[in-house]
There are 2 protein chains.
Amino acid sequence: MPSRETGNGRLPIYLRIQDALTAEIARGAWRPGDALPSEDALARDFGVALGTVRKALGALAAEGKLDRRQGRGTFVRRPDFGNAMFRFFRHADADGVPLRPTARLLARRRTRADAGIAAKLGLARGDELLELFRVRLIDGEPILAEEIALDARRFAPLAALPADAFGDLLYPTYERVCGAAVARASEIIRFDRAATRVAKALGVARDAPVAAIERTAFAIDGAPLEFRRSYGPAERFAYALELK
Amino acid sequence: MPSRETGNGRLPIYLRIQDALTAEIARGAWRPGDALPSEDALARDFGVALGTVRKALGALAAEGKLDRRQGRGTFVRRPDFGNAMFRFFRHADADGVPLRPTARLLARRRTRADAGIAAKLGLARGDELLELFRVRLIDGEPILAEEIALDARRFAPLAALPADAFGDLLYPTYERVCGAAVARASEIIRFDRAATRVAKALGVARDAPVAAIERTAFAIDGAPLEFRRSYGPAERFAYALELK
DNA sequence: CAGTGGTCTAGACCACTCC
DNA sequence: GAGTGGTCTAGACCACTGG
């Protein structure tokens, strides 16, 4: 038995391993999709028993940081928010066919951050922003209007990107063009009324009721990357929850 | 080594133990708040190693079915939806003092179930319902109007209960007066406009925008107990989510 | 086939709770 | 101090994946 001094750091070993691995992932030691060393190798590296690293890996998998697949290995999870916004809206998939939303970029401009957005993005007031405005459609019908704010420096390549190269999903574009990978996000749902620009994009009356989803997206190291406000027609909004 | 035939049931032992314990709990072998036998005792009963029952108990704790407390024991969790509705609404707690909502019963009557509610409650169309209408307030200000439908037979004692004996929370009342314990619930958030009765209760204009939360509450054996529609002023609605 | 994670066991000691 | 869950170890075999 190598050391038998659980109390040396006061924190359980498996938690320290969990933290160590989290830090390694945040540092970028393994990119999303990469495989970690095998359980055996990790146990040797950390000088602990197999069961201990298993406990740490299991916890990280439960947190959504890792994917474990028998016979394959343990992988850094690539979060897929693909069409996460659309979980809020009923879209008429009469036949159960998963409808693929599309996106159209309506506007792109540089502005300066007001205090609110600066705080959300970890910038200073007056710092330069890249602002996108786009509409997302299902079956040609507009479902969501989105105002997106980005640090203009960090996302400079997007300013020059042809409008039709943005694609239907932005996060893969951020990663491909700017090397910025979104790891998690936090959202707030509110109810609001459509401003002129939003109303026009959605094809509803000005001041029509809309559901507003504010999202801040973060990199794996915790730095905020994007702040986004998405608006959809209130009468299409429906969101399900389970309570235990 | 007692048996060494993992494959006898084809399902991992810890999953079978998990299922067995879930069934026992649903059957009411232990009431909410009761302690389960110790890990040691369970391991002996099931004829498996300690680690195996630990894995099952840990999973059940993660699901929210059990509470485990070091030095105390493992307990059947009593779900506490206390003021769960209010997680949807900003209530002005300027000093961070947790404001305690109150409730006032405005109406109580017998009706018959239409097809929709019958389906929600597992009844037949035309079966007798007990319908409650109440308003919930914070600091004297109405925040939620609630329409509640119950099986009149199952909840017969409520028909006779004095209005001021309902208390601020219904679920404890259901359990105390009718022996009906709520174990979980599922909700759908929508956006709607205030009907006359709701508008009056909330002190807003008719057709004012409201957030509507539909909730079906279930007993531990999965039987639906209550269907409830709660309405609150749309401009006070705010709900936070985390995405990973 | 070798290598990976998944399950299971057996037994040790630690940390907390309550009498 | 007795009893509980929490941590850790060491080693076995199973089930799946890929060359």
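A note on names: the letters A, B, ... follow the listed sequences, proteins ahead of strands, and every chain is numbered from 1.
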Does A:F89 have any ring-ring contact (aromatic ring centres under 6.0 Å, His included) partners at least two apart in sequence or in another chain, and if so, which? A:F237

Donor-acceptor check, side chain of A:T52 to backbone of A:V48, threshold 3.5 angstrom: yes or no? no

Taking everything shown except B:R87 itself, do over 12 heavy atoms lie less than 6.0 Å from its CZ? yes

Taking atom [atom2] of [N] as reference, at what distance in whole Å does atom [atom1] of [X] sit?
{"X": "B:L66", "N": "D:dG5", "atom1": "CG", "atom2": "C1'", "answer": "13 Å"}
{"X": "A:L50", "N": "D:dC13", "atom1": "CG", "atom2": "P", "answer": "15 Å"}
{"X": "B:L15", "N": "C:dC8", "atom1": "CG", "atom2": "C1'", "answer": "13 Å"}
{"X": "B:L11", "N": "D:dA15", "atom1": "CG", "atom2": "P", "answer": "13 Å"}
{"X": "A:L60", "N": "C:dG5", "atom1": "CG", "atom2": "P", "answer": "14 Å"}
{"X": "B:L36", "N": "D:dG3", "atom1": "CG", "atom2": "C1'", "answer": "16 Å"}
{"X": "A:L57", "N": "D:dC8", "atom1": "CG", "atom2": "P", "answer": "14 Å"}
{"X": "A:R54", "N": "D:dT9", "atom1": "CZ", "atom2": "C1'", "answer": "14 Å"}

Would you call A:E39 and A:R54 a salt bridge, taking side-chain N to carboxylate O under 4.0 Å as the test? yes

What verdict does the side-chain contact (heavy atoms from CB on, under 4.5 Å) test give for A:V76 and A:K65, after you've listed the backbone C-alpha separation in whole Å, the side-chain angles of each residue and the deciding distance to 0.1 Å? CA-CA 6 Å; A:V76 177; A:K65 293 199 174 74; over 6 Å; no

Nearest to the side chain of [X] - [options]?
{"X": "B:T52", "options": "C:dT9, C:dG5, D:dC8", "value": "C:dT9"}
{"X": "A:P12", "options": "D:dT7, D:dG5, C:dT7", "value": "D:dT7"}
{"X": "A:E39", "options": "C:dG6, C:dC8, D:dT9", "value": "C:dG6"}

Apply the test salt bridge (charged side-chain N to carboxylate O under 4.0 Å, His left out) to residues A:D168 and A:R136: give CA-CA distance (whole Å), side-chain angles for both, the deciding distance (0.1 Å), then the verdict. CA-CA 8 Å; A:D168 293 328; A:R136 306 184 70 182; over 6 Å; no

Can you list everything that forms a salt bridge (Lys or Arg N to Asp or Glu O under 4.0 Å) with B:R228? Sequence neighbours excluded, please. B:E146, B:E226

Within residues 68-79 of chain A, find the residues that approach DNA chain D with a heavy atom at under 4.0 Å, and present them sorted by residue number. A:Q70, A:G71, A:R72

Are A:K55 and D:dT7 close enough that a side-chain N or O sits under 4.0 Å from OP1 or OP2? yes

